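A short worksheet on the structure shown next.
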2 protein chains.
Amino acid sequence: MNRAARAVNESRELAQWPIDALRKFRDREQAAYDAIKKRAIAFNLARGKPASEQVALADQLLISVATPEECWAEDGSDCRNYYGSPQGLIEARRLFAPMLGAPAEQVLVANNSSLELMHDAVVYALLTGARDGAMPWRDQARPIRFLCPSPGYDRHFQICEQYGIEMIPVALTGAGPSMDEVERLAADPLVKGMWCVPKYSNPTAETYSSETVARPAQMPAADDFRLFWDNAYAVHHLTDTPDPLDNVLDLCAAAGNPDRTLVFGSTSKITFAQAGLGLFATSPANMRWFVSRASTRTIGPDKLNQLRHVRLLRDEAGIAAHMDKHRRLLEPKFAAVLEVFENRFGGTGVAVWSRPRGGYFVSLDVLDGCARRVVALAKAAGIETVPAGRTFPYGRDPRDRNIRIAPSFPPADEVRAAVEALATCVLLATSERLLADHGVNE
Amino acid sequence: MNRAARAVNESRELAQWPIDALRKFRDREQAAYDAIKKRAIAFNLARGKPASEQVALADQLLISVATPEECWAEDGSDCRNYYGSPQGLIEARRLFAPMLGAPAEQVLVANNSSLELMHDAVVYALLTGARDGAMPWRDQARPIRFLCPSPGYDRHFQICEQYGIEMIPVALTGAGPSMDEVERLAADPLVKGMWCVPKYSNPTAETYSSETVARPAQMPAADDFRLFWDNAYAVHHLTDTPDPLDNVLDLCAAAGNPDRTLVFGSTSKITFAQAGLGLFATSPANMRWFVSRASTRTIGPDKLNQLRHVRLLRDEAGIAAHMDKHRRLLEPKFAAVLEVFENRFGGTGVAVWSRPRGGYFVSLDVLDGCARRVVALAKAAGIETVPAGRTFPYGRDPRDRNIRIAPSFPPADEVRAAVEALATCVLLATSERLLADHGVNE
């Protein structure tokens, strides 16, 4: 993209500065950068990892099932011993049913990872078909395809990559993926799935509008097309007015596509990360499909940890109260990021960024072609972010502009320091690029 | 098989009785059976499920990580939060390394099911090849095949059935599978795996001899052939002189086939069933292969439960001491089964049975063609065993003679009563069959 086009499309100010002023600006940022590098303090903004104070909110889990008498489920089974259903304890399914938007009969509570539930659903569809009697995805004439709203969650894309599923990026609108694009692409019978993080999306923090939920529920698509609805941040609000999200399972059923959607959730960012529970909800037919295959894989999940969660969180209101404590810990960190971005980038036109109302990330778009340089500068100065491009299929950001910021783990003052340093990297990389566009290479 | 052949091959006494005596015998057993049925007491000998007193041996697990200070692993990571390696905590890997016969670097400690590790290894090989660069099993010209020493573990066979892997039964010798047969079959390049329970096998309780470990380690086989070595009962002894089992990983390495074997284990019958740990050991190359794929599936296992196990069991000696307590609880139950069988069947020639030195099962072989009838009679009288045939691929016992007895769960007096009742079913079914062979149908 040439300089004129960029000036019109994205930059309001910095791009229009005369060369001399730009050069001075670049020199100042370079000096600031050199000073940061010299300090050599390591910061990590890479991972959506809860802070220590956040996991500590659930410390009661450690003793919520502490005696043999507390090991019994409400159906009278001893959770220290084998127990039939891979669907998990009914009291745990009831606890998370509202969060998933399905009755407890249509909910499965698993071990500590929702990613593995998504992975396994893909594997079962690849090897045995996405419904009983359907042709396995793996046996269909050519490699199947998934729609990938991007930027998105790299671990979704990695599942596709591991199994040779072709990924088709779809643009995001701020209210979910472009549905015109999705409808056009889903007409291809080889398109079998779409990755969706419908609420406070990773990384853009957008929530799907009513239209963006209704249209994929209704659109024509292959009979074995599935929405992988990763509602990872269902209750992870940062405001008093949570984003509403329509119930995709209900809309699919109403549209005559009851088996179209697999809904996933997790307590990884509610209780203990990686020692919590993975959650899954879908239609009755899909649940039978999944459970029949999962029953071949395992006798069932760890039910003691399910009991621990039931005793800690109790009910929907208990979850909401618990999430409110998380919010109080996260708010100052998100505020720090946004304040620094506003201070450093406001009016410069060098970046646009999300203002999350929930979730775990701030998404930063710098000028086209600058993200890799920014991330490299940051890394050399001790500030870790996810590698540039990682939020796109195959790790390729076509415009090389997206950077995902995860401010949850470090203390707020460190977040501020890290984002200040990152802003310096952005301004340095941008001024370098603008000077290069002017033909100035020094 | 006609009566004469059976008399020669299997029965010593009952089969040679005159018709009148046999009829009287049958009538007496029928009366005994009717009385049992009338009592209508339900017994369950179906599942290899630890008794309540057995899981209670590990109750300390409930509080072995009870405070935030106790949540930290020896590498300084907080087990309440995300943590990199899907291989599990090093202290947990070190704890189980001797049991698996591999250094800790070659051990993976996972969530609560070893079956799921076996399943996933099959899936990864089907979809991505059994080693980096190998053709996926699923893409090879014709359906691939697994060797299935039988009778064996039905859940192994179910994995093959779910994914269309052809199963070839292999006879057992009392010291593992017939290796002449295995070597002949493994020459077929479509044979990609063999299910093995090498110690106190399920259900026959036999342990593989040195020859039965060494020969599959050395034999010519496809480059992507894998031994699925499910050492589920590695430390589950019932005598003072545990069966020795040679180290298959060492033998494979010495034979120049270092990547041939995947070793599995579990604490399901050590600590809490279904709330314990799944274990896996293999060559360094295979471990990289598995971990790279498992890393796509999950961020990692629940490490808190790993810490709990480390704190409870401590080391190899701790495991052995713990298993000794299990042995004391199991011994009287196994003794009851063997005593009843000896009393009721001794000298009659109507059955042969295993005399387990470890593990969880007694394997009972009745006269050919009688197992289904015995199991049906038992079920009608309230005694549950696994369905006849279940211990063979596709649920088909070609001689319809094997019945698996799991005596661990009920109290010893109930085991005795249940097996007495089962013995009546065996004697009734056998006398019915012998009379039918005499042409007596009444």
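Proteins come first, then strands; the chains are lettered A, B, ... in the order of their sequence lines, and each starts at number 1. What you see is a predicted model; the values in this text were computed from it and never measured.
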Item to check | Cation-pi geometry met for B:K269 and B:Y233 (6.0 Å, 45°) | outcome: no
Checklist entry - Distance under 6.0 Å and angle within 45° of the ring axis: does A:K192 meet both against A:F146? => result no
With respect to chain B, which residue among [options] yields the maximal number of heavy-atom pairs within a distance under 4.5 Å?
options                       : value
A:T296, A:L115, A:T298        : A:T296
A:G164, A:S295, A:A275        : A:A275
A:T271, A:L117, A:D139, A:L61 : A:D139

Given heavy-atom pairs under 4.5 angstrom as the criterion, report whether the side chain, backbone, both or neither of [X] touches chain B.
X      : answer
A:Y163 : side chain
A:D78  : side chain
A:Y83  : both
A:C79  : backbone
A:T67  : backbone
A:P136 : side chain
A:R308 : side chain

Checklist outcome for this item: Honestly, the part of B:S292 sitting under 4.5 Å from a heavy atom of chain A is backbone
Item to check | Residues B:N305 and A:N305: side-chain donor-acceptor under 3.5 angstrom | outcome: no
Item to check | Residues B:Q140 and B:D224: side-chain donor-acceptor under 3.5 angstrom | outcome: yes
Among [options], residue most engaged with chain A (heavy-atom pairs, under 4.5 Å):
options                : result
B:E116, B:R155, B:E161 : B:E116
B:S268, B:S113, B:P50  : B:P50
B:D302, B:L62, B:N81   : B:N81
B:T128, B:N112, B:N111 : B:N112
B:Q162, B:Q158, B:R293 : B:Q162

Next on the checklist: Applying the side-chain hydrogen bond (donor to acceptor under 3.5 Å, both in side chains) criterion to B:R404, which one of B:D154, B:N202, B:T385, B:T391 satisfies it?
Outcome noted: B:N202
Short side-chain to backbone donor-acceptor contact, [X] and [Y], under 3.5 Å:
X      : Y      : value
A:T267 : A:L277 : yes
B:H326 : B:I270 : yes
B:R93  : B:G88  : yes

Item to check | Stepwise side chain to side chain contact (heavy atoms under 4.5 Å, CB included) check, A:L307 with A:K303 | outcome: CA-CA 6 Å; A:L307 264 192; A:K303 304 152 315 299; 6.0 Å; no
Next on the checklist: Taking side-chain contact (heavy atoms from CB on, under 4.5 Å) as the definition, give me every residue that meets it alongside A:A56, ordered by chain and number, with sequence neighbours left out.
Outcome noted: A:D59, B:R80
